[in-house]
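Written below as structure tokens is the structure these notes are about.
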Amino acid sequence: MLKRSVKTMALVVLSSLFISSQGCANESKDEWITLGTMAGPIPNAVNSQPANAMIVNGNTYVVDAGDGTAGQLAKAGLSLKGVKAVFISHLHFDHTGGLPAILGLRWQTNTFSDLTVYGPPGTKATVEGIFQFMRIGTEGGYGVPGQVGKPANTNVHVVELGDGDTVTNDDFSVTAIRNTHYSWPENSEEWKKYIALSYKFDVDGASVVYTGDTGESKALIALAKNADLLVSEMMDIDHTIDLVVKANPNMPEQVALGMRKHLSNHHVTPQQVGEMATQANVKKLVVTHMSPALLKPEHYEKYTSAVAEHYDGDVTLAKDLDRFPIGK
Ligand SMILES: [Zn+2]
Ligand SMILES: [Zn+2]
């Protein structure tokens, strides 16, 4: 396992204190908000794509930024100015689709506070690509002759993380590990290049572990050991395959089989989520990344019971904009 430590500069707090509609930063408590709880890639009318906000000392940290993240932040009463960093678990588009909107809206609203985007290798190229996508729009600006705007990438920083990396800022330490969402042969070129990460945030004596997308992983269980809060993905594989096949009736059987293999190896079932929470001895389990079109209360009850068969602790199947306290 690659071990190295990445130190970031202390973040400037005063310039970007989070102001919510409820009041100012020092009145707020640390919490985890599930902004978008639906797995991609099929959008639906009820729930947004994978995204979370972690609030620490009034600052907002976005953890995965699926399509709709900017709108979900607004619904949660969180301003773009308050977003200090974005942590991307992996570069599947249902986890990154909201990033162009965040970066574009910063420019449109003259929000140039420091923002760091953390993610696996490839995040730098991805963010550069987003700025390339914005180039003509920002050059044309608002069409006012003589108007000179700041470049869109002003004060946007990118830090790529690998297996075992730890970053510390004023609000928490975060450790990234490689999980099993990808199954490249070890030490292959792809294995080095394409990594899916899980994160552990150590926040003022409490620990929050976010699985990102992953299959079963011993390294993840070790990371989550005795965590106060485990936010885990979950996949109902049969349900998802049914949906995909219905949406693509001409899909060759081989392709559908390949997709089933990917989903089985690279995601966790309700049973596996419960087992992971038990093995890691976590205090609270929040399940997110629900199968597309899982919309009815009975679905939530069914999966909650399936997880609870394997985990005796406190479990919640999250809905969009649910809030979970962080801390002792
Ligand atoms: Zn996903
Ligand atoms: Zn994924």
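Values below: all heavy atoms of this structure, side chains included; hydrogens, waters and symmetry mates excluded. All ligand and atom numbering here is 1-based and tracks the order in the structure. Given the structure is predicted, the values throughout are model-derived calculations rather than measurements.
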Are E189 and K193 ion-paired here, with the side-chain N under 4.0 Å from a carboxylate O? no
Side chain to side chain donor-acceptor pair (under 3.5 Å) between Q279 and E275, worked out: CA-CA 6 Å; Q279 286 168 31; E275 287 170 354; 5.0 Å; no
CA sep, side-chain torsions, deciding dist, call: T166, T175, side chain to side chain donor-acceptor pair (under 3.5 Å): CA-CA 4 Å; T166 294; T175 300; 3.1 Å; yes
Indicate the ring-plane relationship of H262 and H266, choosing parallel, tilted or perpendicular according to the 30° and 60° boundaries. perpendicular
Run through the protein N/O/S atoms less than 2.8 Å from the Zn ion (ligand 2) and write them out by chain and number. H90 NE2, H92 ND1, H181 NE2, D213 OD2
Atom CD of residue position E139 - does it have more than 12 heavy atoms of other residues, nucleotides or ligands inside 6.0 Å? yes
Pair K284-T316, side-chain donor/acceptor within less than 3.5 Å: yes
